[in-house]
Novice: 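Dropping the structure in here first, questions after.
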Amino acid sequence: MQILRKFWLLIISYFKPPTGRAISKVAPATKPDEYGEFYFRHTILDQLDRYFVILKRMKRGDKEAYDLYSQLGAFILPERTSGGYSFDTLEPRWLELRPSFGMVLHGSRSQEVKIDKEKKFYVPFAVYFTKYTSSNAPTIVQRVKSGDIYACTVYWDTLHGSIKSGAPTEFALNISPSGDVRILKILENKNITIRAKKGRDRGSTFTVPQREWGIPSFFKGWAEENGKDVQTFLASIFIQTANSQTAAADSMIKVKASKGRMAAIFSVNILRTPYFFKDRDLCIGPSGKKKKVFHIVRTHIRKTGSVVRTHFRGVQEFIWNGYKIKITVPGWHHVNTHELDIGATDEEHIENIKDYTDMAGLGKTLKEFEEDSVGGFKR
């Protein structure tokens, strides 16, 4: 299913800088199991290398997704060691926001070892979604009376072999006002094979095109392989993706790693940044001393008796293991792009194309918002 995604150009009117906000207190990580935020730096480096290879190949496999996420970055998630991200119900925070888009790349160090042993070729490397309002979704998607429609893509790729691009597989779903997830039918083109029974062509076969509504057979087969019905299986994929993105996006800081024109994002507990980036390239200040990495200074009382409120200090941009790093606090330094909740519009519903932007234009606009500190408390 190919879905063309368009967004309003006047996105800037959506964002309003906050009138003022307190800096939330951050609880230190109590155990090394990583949930949304990376705890150990070695667990992200291999994932970063892998991410940029896959993202570059996505330019062929799904150009619209590449156009957006190469600019904004997609979340790289740590691999869970004691249970995965919830796949039963959507987190209240996600339901409150109902984001416009999202993409996560799940950590899969152990999964890759398993895949090598099983000699499997394609694997689901990334999952991403795009929101539509019910009236502006593609006409090939089942109609709904209420709630939001999302197109969810499972992106398959491999780092083995000679093929240089991945393959996106897409399904649609409805999120009801109460948060229930229902997989929607898609109008598909299928070829029906017919065998001639009479005449000189008796016994020969020919195909007749036919359109019918249903869930793609590919997903039905995948669900059967996992011992689940297709509704439950696909709903769990989307819910897990949405919840894991929420876990990462709710971190106080966002770390953006850039390589050439492509970007990735991941989260680190702010109390761990001095450890996490201690092997960064040197940043020398005017005094000749190494600048400290971006960190939080808790509220404390000086010897003089004056009170120092919680604030941020340290260098935000530096080079780390060959990657250009920028650390920011979404909503403080710039607009939080993951709180954008407007829906996309399929091209079939557009009368004046000049009023809309495509995924490349959306990515460029939101990237500039971040770079220019649009919607941030501190400009």
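All values derive from a computational prediction rather than experimental measurement.
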Novice: Pairs in or reaching into residues 243-262: which pass ring pair (Phe, Tyr, Trp, His ring centres under 6.0 Å), with residues at least two apart or in two chains?
Specialist: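 Pairs touching residues 243-262 that pass the test: none.
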
Novice: Would you please name every residue forming a side-chain contact (heavy atoms from CB on, under 4.5 Å) with D229, sequence neighbours left out?
Specialist: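 In terms of side-chain contact (heavy atoms from CB on, under 4.5 Å), with neighbours along the sequence ignored, D229 is linked to Q231, T232.
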
Novice: Mind checking what makes side chain to side chain donor-acceptor pair (under 3.5 Å) contact with K59, not counting sequence neighbours?
Specialist: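 Applying side chain to side chain donor-acceptor pair (under 3.5 Å) to K59 gives none.
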
Novice: Can you give me every donor-acceptor pair (side chain of residues 253-265, partner residue at least two apart or in another chain, under 3.5 Å) with its distance?
Specialist:
residue, atom, partner, partner atom, Å
K254, NZ, E370, OE2, 2.6
K256, NZ, Q71, O, 3.0

Novice: List for me each residue that meets side chain to side chain donor-acceptor pair (under 3.5 Å) alongside E212, sequence neighbours excluded, and say none if there are none.
Specialist: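 If we apply the side chain to side chain donor-acceptor pair (under 3.5 Å) test to E212, skipping adjacent residues, the hits are K190.
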
Novice: In a check of ring pair (Phe, Tyr, Trp, His ring centres under 6.0 Å) between F129 and each of Y69, F101, F238, which one passes?
Specialist: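 Testing each of Y69, F101, F238 against F129, the sole residue satisfying ring pair (Phe, Tyr, Trp, His ring centres under 6.0 Å) is F238.
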
Novice: Are the ring centres of F294 and W332 closer than 6.0 Å?
Specialist: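 Here the rings of W332 and F294 have centres that are no less than 6.0 Å from each other.
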
Novice: List the residues meeting salt bridge (charged side-chain N to carboxylate O under 4.0 Å, His left out) with E96, not counting sequence neighbours, and say none if there are none.
Specialist: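 Partners of E96 by the salt bridge (charged side-chain N to carboxylate O under 4.0 Å, His left out) criterion, ordered by chain and then number, come out as R93.
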
Novice: So which atom in Y155 and which in M58 form the shortest heavy-atom distance, rounded to 0.1 Å?
Specialist: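 Residues Y155 and M58, closest heavy atoms: OH-CA, 3.3 Å.
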
Novice: Applying salt bridge (charged side-chain N to carboxylate O under 4.0 Å, His left out), can you list everything that pairs with K63, at least two apart in sequence or on another chain?
Specialist: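 Partners of K63 by the salt bridge (charged side-chain N to carboxylate O under 4.0 Å, His left out) criterion, ordered by chain and then number, come out as D67.
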
Novice: Could you list the residues that satisfy salt bridge (charged side-chain N to carboxylate O under 4.0 Å, His left out) with E368, not counting sequence neighbours?
Specialist: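 E368 satisfies salt bridge (charged side-chain N to carboxylate O under 4.0 Å, His left out) with K364 once adjacent residues are dropped.
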
Novice: Classify the ring geometry of W320 against F277: parallel below 30°, tilted from 30° to 60°, perpendicular beyond 60°.
Specialist: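 Aromatic pair W320/F277 classed perpendicular.
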
Novice: Suppose we screen for side chain to side chain donor-acceptor pair (under 3.5 Å). Which residues come up paired with S146, at least two apart in sequence or across chains?
Specialist: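 Counting only residues at least two positions away or on another chain, S146 forms no side chain to side chain donor-acceptor pair (under 3.5 Å).
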
Novice: List for me each residue that meets side-chain contact (heavy atoms from CB on, under 4.5 Å) alongside R313, sequence neighbours excluded, and say none if there are none.
Specialist: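 R313 satisfies side-chain contact (heavy atoms from CB on, under 4.5 Å) with H295, V297, H311 once adjacent residues are dropped.
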
Novice: Of all residues at least two apart in sequence or in a different chain, which pass the side chain to side chain donor-acceptor pair (under 3.5 Å) check with W222?
Specialist: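 Here no residue qualifies.
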
Novice: Going hydrophobic residue to hydrophobic residue with side-chain gaps under 4.5 angstrom, can you get from L95 over to Y150?
Specialist: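 Same hydrophobic cluster.
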
Novice: Which residue pairs pass the salt bridge (charged side-chain N to carboxylate O under 4.0 Å, His left out) test when at least one of the two sits in residues 140-150, sequence neighbours left out?
Specialist: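 Pairs touching residues 140-150 that pass the test: R98-D148.
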
Novice: Identify which one of F218, F219, F233 satisfies the ring pair (Phe, Tyr, Trp, His ring centres under 6.0 Å) criterion when paired with F171.
Specialist: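 Exactly one candidate clears the test, F219.
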
Novice: Between S251 and E37, do the side chains contain an N or O donor and an N or O acceptor separated by less than 3.5 Å?
Specialist: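 Yes, a side-chain donor-acceptor pair sits under 3.5 Å.
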
